[in-house]
Trainee: 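Quick one: structure below, then a few questions.
Hydrogens, waters and symmetry mates are skipped; everything else that's a heavy atom, side chains included, is used. Counting starts at 1 for both ligands and their atoms, in listed order.
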Amino acid sequence: MDSLPELDLSLQSNGGPHSSTLPHKQPFVIGVAGGTASGKTTVCNMIISQLHDQRVVLVNQDSFYHPPSVEKLKRIHEYNFDHPDAFDTELLLSCMEKLKNGEAVSIPNYDFKGHKRSEQARLINPSDVFILEGILILHDPRVRCLMNLKIFVDSDSDVRLSRRIQRDTVERGRNIENVLDQYTRSVKPSFEEFILPTKKYADIIIPRGADNDVAIDLIVQHICTKLGQHDLCKIYSNVFVIFSTFQIRGMHTLIRDVKTTKHDFVFYSDRLIRLVVEHGLGHLPFTEKQIITPTGSVYTGVVFCKRLCGVSIIRSGESMENALRACCKGIKIGKILIHGEGSNGRQLIYEKLPKDISSRHVLLLDPILASGNSAVKAISLLISKGVPESNIIFLNLIAAPQGVHAVCKKFPMLKIVTSEIDASLDDHSRVIPGMGEFGDRYFCTDNGCTTPNFHPTSPFLGTPK
Ligand SMILES: Nc1ncnc2c1ncn2[C@@H]1O[C@H](COP(=O)(O)OP(=O)(O)O)[C@@H](O)[C@H]1O
Ligand SMILES: Nc1ccn([C@@H]2O[C@H](COP(=O)(O)O)[C@@H](O)[C@H]2O)c(=O)n1
Ligand SMILES: [Mg+2]
């Protein structure tokens with residue numbers, strides 16, 4: 001029998017686990033094609049507003065219209081703006097190549113009234129997501145090759161024509177006669193000859209354009225999932241990186257900064273730890289439960305697994321205990337101390353684990369997964385105590401690829417939940433870029449600590465200097 005009260009997971013993560021994110025080097029490129037006035041620009045703006053936490057840049061194919069020569073401008077009513085040759089695709093390709101290489105580019109702004117590039121160009125910075133939008137954006141195979149997701153907006157042609165009349169007379173300096181004449185002479189024939197045939201390249205076709213909220217929601221979810229997939233998450237299905245937002249990156253920026261004060265380091269580490277713990281809890285099993293609300297109505301919900309325990313790897317892991325206690329009232333927390341210099345020869349120095357640990361789901365706590373040697377030792381101990389591998393969730397703030405490989409290869413059934421995966425390890429097995437000695441910074445035992453923030457949970461805690 002437990003001497004502690006039954007566990008109550010008083011706070012839970014909002015929904016299931018996100019198989020998520022990392023800043024990745026290559027941007028996610030989406031192509032959005034469709035006939036004129038089908039709602040491409042409107043759909044793109046809706047996607048961008050729903051991806052509010054990501055850096056998303058919209059690049060319109062219109063920006064790459066060739067400016068017609070003076071001769072052609074004189075007979076502009078004969079010009080076909082809906083033909084693939086109307087666009088400077090070479091310029092589009094070279095801009096995209098620079099952006100993909102992390103360089104900023106200047107792209108033209110297009111003036112539909114004067115049929116020319118505006119004086120003022122638009123500076124575009126490298127970004128997480130680029131949306132390329134335009135009637136013929138799926139036409140050139142080289143442009144299609146840049147895309148991770150291809151969308152075709154499919155709206156009824158009568159609706160498109162009426163919207164085009166409205167838009168072009170209000171926004172593009174045309175009259176109804178111009179619009180109808182251009183539509184029958186070049187817009188409609190080119191749609192049939194060049195634009196409609198590109199629908200077959202689309203991964204997703206959106207009927208009814210911007211009215212199709214469901215399709216737009218699904219697309220946004222798909223983009224979020226894809227953005228969150230670090231390469232290691234693709235290799236190991238048991239690695240989960242929490243969804244990266246500017247908030248999370250901001251907190252990482254603070255705790256990784258060598259100049260950050262001790263107080264801020266502890267404050268922002270605690271915030272990040274809480275997020276990781278909440279995500280970790282989202283991976284626990286649950287069963288369905290119906291309850292009656294005060295209005296007498298039935299609510300079908302879930303109850304979480306109550307047989308839990310935390311195990312912190314001393315000393316840094318102890319920094320995660322408060323967050324776990326705050327989420328899981330009365331949770332038992334065991335401790336493991338492993339010691340060893342260099343990359344080999346880790347030894348178990350101390351362990352204090354609940355007697356019934358084999359029947360519990362274990363949240364193993366260590367903010368940094370570096371070489372993985374200590375983690376492998378700790379996990380092996382848990383397994384030797386009878387904890388099923390699949391009942392272990394290993395929670396970190398940052399993980400090095402080497403540590404992820406070491407743990408996942410040996411224990412493919414456990415789950416790792418982390419907030420960022422770093423680039424590498426240095427010769428001293430320190431995570432790079434990393435955040436230095438987490439335990440020293442958190443417990444204020446490094447040199448120069450002026451504002452001790454004492455967390456007296458560990459029998460092994462050094463004396464603050
Ligand atoms: N679902 C919709 N309902 C009403 N008006 C719309 C809808 N989608 C687009 N529009 C309007 O139709 C016009 C054309 O839409 P737009 O997004 O510019 O199309 P595209 O970029 O494909 O040419 C715009 O004036 C826009 O405000
Ligand atoms: N000077 C120009 C350039 C283009 N067009 C028309 O714009 C349409 C593309 O923009 P959408 O937002 O409608 O996709 C295309 O159909 C061209 O006919 C123009 O009228 N004048
Ligand atoms: Mg548009």
Trainee: Looking only at the aromatic ring of each residue, does the gap between the centers of F240 and H283 stay below 6.0 angstrom?
Mentor: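 That pair passes the under 6.0 Å test.
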Trainee: Nearest to atom 13 (O) of ligand 2, what protein heavy atom do you find, and at what distance?
Mentor: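 Result for atom 13 (O) of ligand 2: T36 OG1, 2.6 Å.
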Trainee: Determine, for R256 against D422, whether the closest basic-nitrogen to carboxylate-oxygen distance falls under 4.0 angstrom.
Mentor: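 Yes.
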Trainee: Report the nearest protein non-hydrogen atom to atom 9 (C) of ligand 2: residue, atom name, distance rounded to 0.1 Å.
Mentor: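 Looking only at protein heavy atoms, the one closest to atom 9 (C) of ligand 2 is Y65 OH, 4.0 Å.
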Trainee: Students should be able to answer this: which protein heavy-atom is nearest to atom 10 (O) of ligand 2, and at what distance?
Mentor: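 Residue, atom and distance for the closest contact: R172 NH1, 3.4 Å.
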Trainee: What are the atoms of ligand 2, with element, lying closer than 4.0 Å to any heavy atom of A37?
Mentor: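 Near A37, the atoms of ligand 2 are 13 (O).
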Trainee: State whether R441 and E437 are salt-bridged, where the test is any N-O pair (Lys NZ or Arg NE/NH1/NH2 against Asp/Glu carboxylate O) under 4.0 Å.
Mentor: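 E437 and R441: not salt-bridged.
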Trainee: Under the rule for side chain to side chain contact (heavy atoms under 4.5 Å, CB included), what residues qualify as partners of L149, not counting sequence neighbours?
Mentor: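 For L149 the side chain to side chain contact (heavy atoms under 4.5 Å, CB included) partners, ignoring immediate neighbours, are F28, I30, I151, D203, I204, I219, H222, I223.
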Trainee: If we count only N and O atoms by modelled type, under 3.5 Å, do the side chains of T36 and D82 hold a donor and an acceptor together?
Mentor: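 The answer is no; no qualifying pair exists.
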Trainee: Closest non-hydrogen protein atom to atom 19 (O) of ligand 1, residue and atom name please, with distance?
Mentor: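 Result for atom 19 (O) of ligand 1: G39 N, 3.2 Å.
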Trainee: At under 4.0 Å between heavy atoms, is it the side chain or the backbone of R163 that contacts ligand 2, or both, or neither?
Mentor: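 The answer is neither.
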Trainee: Between atom CE of M435 and atom CZ of R430, what is the distance when rounded to the nearest 0.5 Å?
Mentor: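 It comes to 14.0 Å.
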Trainee: Restricting to under 2.8 Å, identify the protein N, O or S atoms around the Mg ion (ligand 3) as residue plus atom.
Mentor: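 Sorted hits: T41 OG1.
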Trainee: Please determine whether salt bridge (charged side-chain N to carboxylate O under 4.0 Å, His left out) holds for the pair K188 and D181, giving the CA-CA distance in whole Å, both sets of side-chain angles, and the decisive distance to 0.1 Å.
Mentor: CA-CA 10 Å; K188 187 174 188 291; D181 175 58; over 6 Å; no
Trainee: Does one side chain, of S312 or E321, offer a donor that lies under 3.5 Å from an acceptor on the other?
Mentor: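 Judged by distance alone, the side chains do pair up.
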Trainee: Taking all atoms of both residues into account, what is the closest heavy-atom pair of G114 and L73, and its distance?
Mentor: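 For G114 versus L73, the nearest heavy atoms are O-CD2, 4.3 Å.
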Trainee: Distance only, no hydrogens: is a donor on one side chain within 3.5 Å (strictly under) of an acceptor on the other, for H83 and S186?
Mentor: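 On atom types as modelled, these side chains do not qualify, holding no pair under 3.5 Å.
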Trainee: Please identify which atoms of ligand 2 are closer than 4.0 Å to at least one heavy atom of I135.
Mentor: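 Listed by number with element: 14 (O), 15 (C).
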Trainee: Taking N or O atoms only and a 3.5 Å limit, does E133 qualify as a polar contact for ligand 2?
Mentor: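 No, there is no polar N/O contact under 3.5 Å.
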Trainee: Are Y183 and F191 an aromatic pair by the rule of ring centers under 6.0 Å?
Mentor: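 No, ring centres 6.0 Å or more apart.
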Trainee: Using heavy atoms and a 4.0 Å limit, tell me yes or no: is Q61 in contact with ligand 2?
Mentor: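 So Q61 does not count as touching ligand 2.
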Trainee: Would you call the rings of H115 and F81 parallel, tilted or perpendicular if under 30° counts as parallel and over 60° as perpendicular?
Mentor: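 Because their plane-to-plane angle is under 30°, the rings of H115 and F81 count as parallel.
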Trainee: Run the salt bridge (charged side-chain N to carboxylate O under 4.0 Å, His left out) check on D168 and R163 step by step: do they pass?
Mentor: CA-CA 8 Å; D168 286 10; R163 284 185 186 157; over 6 Å; no
Trainee: Considering only protein heavy atoms, which is closest to atom 17 (O) of ligand 1, and at what distance to one decimal place?
Mentor: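 Result for atom 17 (O) of ligand 1: T42 OG1, 2.4 Å.
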Trainee: Going by the atom numbers of ligand 2, which of them fall below 4.0 Å from some non-hydrogen atom of Y110?
Mentor: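 Near Y110, the atoms of ligand 2 are 1 (N), 2 (C), 3 (C).
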Trainee: Any nitrogen or oxygen of R174, main chain or side chain, under 3.5 Å from a nitrogen or oxygen of ligand 2?
Mentor: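 Yes, since at least one N or O of R174 sits under 3.5 Å from an N or O of ligand 2.
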Trainee: Short N/O distance, under 3.5 Å, between K40 and ligand 2?
Mentor: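 Between K40 and ligand 2 (N or O atoms, distance only) the closest approach is under 3.5 Å.
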Trainee: I need the contact type for E133 against ligand 1. Using non-hydrogen atoms and a strict under-4.0 Å cut-off, is it side chain, backbone, both or neither?
Mentor: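 Just the side chain.
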Trainee: To check your reading of the model: name the closest protein heavy atom to atom 1 (N) of ligand 1, its residue, and the distance in Å.
Mentor: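 Here the nearest protein heavy atom works out to D211 OD1, 2.8 Å.
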Trainee: Can you name the atoms of ligand 2, numbered from 1 with element, that are less than 4.0 Å from a heavy atom of H115?
Mentor: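 Here the atoms of ligand 2 in question are 1 (N), 2 (C), 21 (N).
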Trainee: Please work out which of K113, R164, R167 has its closest non-hydrogen atom nearest to atom 11 (P) of ligand 2.
Mentor: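 Considering heavy atoms of K113, R164, R167, the nearest to atom 11 (P) of ligand 2 sits in R167.
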Trainee: Do you see a donor-acceptor pair shorter than 3.5 Å between the side chains of Q120 and N109?
Mentor: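 Short answer, no.
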Trainee: Go through ligand 1 atom by atom and flag the ones less than 4.0 Å from a non-hydrogen atom of G35.
Mentor: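 In order of number, 22 (O).
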Trainee: Look at atom 3 (C) of ligand 2 and say which protein heavy atom is nearest, naming residue and atom and giving the distance to 0.1 Å.
Mentor: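 Protein heavy atom with the smallest distance to atom 3 (C) of ligand 2: F81 CD2, 3.3 Å.
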Trainee: For a salt bridge (charged side-chain N to carboxylate O under 4.0 Å, His left out) check, start with the C-alpha distance between R142 and D140, then their side-chain angles and the critical distance, and finish with the verdict.
Mentor: CA-CA 5 Å; R142 295 168 302 165; D140 190 307; 2.9 Å; yes
Trainee: Please check: side-chain N/O of S63 versus main-chain N/O of P108, any donor-acceptor pairing under 3.5 Å?
Mentor: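 Yes; judged by distance alone, with no hydrogens or angles, the pair exists.
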Trainee: Any donor-acceptor pair under 3.5 Å linking the side-chain atoms of Q402 with those of S424?
Mentor: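 There is such a pair between these side chains.
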Trainee: Can you sort out which atoms of ligand 2 are near D82, meaning under 4.0 Å from one of its heavy atoms?
Mentor: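 Answer, ordered by atom number: 15 (C), 16 (O), 17 (C), 18 (O).
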Trainee: Quick one: does K116 get a heavy atom under 4.0 Å from ligand 2?
Mentor: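 Under 4.0 Å: no for K116.
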Trainee: Judging by distance only, is a nitrogen or oxygen of A37 under 3.5 angstrom from one on ligand 1?
Mentor: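 By distance alone, the answer is yes.
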Trainee: Within a distance under 4.0 Å of any heavy atom of Q182, pick out the atoms of ligand 2 and give their elements.
Mentor: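 So the atoms of ligand 2 that pass are 18 (O), 19 (C), 20 (O).
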Trainee: Taking both backbone and side-chain atoms of T41, is any N or O found less than 3.5 Å from an N or O belonging to ligand 1?
Mentor: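 The answer is yes, given that T41 and ligand 1 share an N or O pair closer than 3.5 Å.
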Trainee: Only heavy atoms count here, so choose which of E171, R167, R163 is nearest to atom 10 (N) of ligand 1.
Mentor: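 Checking each option, the heavy atom nearest atom 10 (N) of ligand 1 is found in R163.
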Trainee: For ligand 1, is there an atom lying under 4.0 Å from some heavy atom of G34?
Mentor: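 It does not; every heavy atom stays at 4.0 Å or beyond.
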Trainee: Do Y65 and Y110 have their ring centres less than 6.0 Å from each other?
Mentor: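 For Y65 and Y110, the ring centres are under 6.0 Å apart.
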Trainee: Give the atom numbers and elements of ligand 2 that come within less than 4.0 Å of a heavy atom of V187.
Mentor: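 Atoms satisfying the 4.0 Å criterion: 18 (O).
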Trainee: Is it true that a side-chain atom of R360 and a backbone atom of L308 form a donor plus acceptor pair closer than 3.5 Å?
Mentor: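 Such a contact is found between R360 side chain and L308 backbone.
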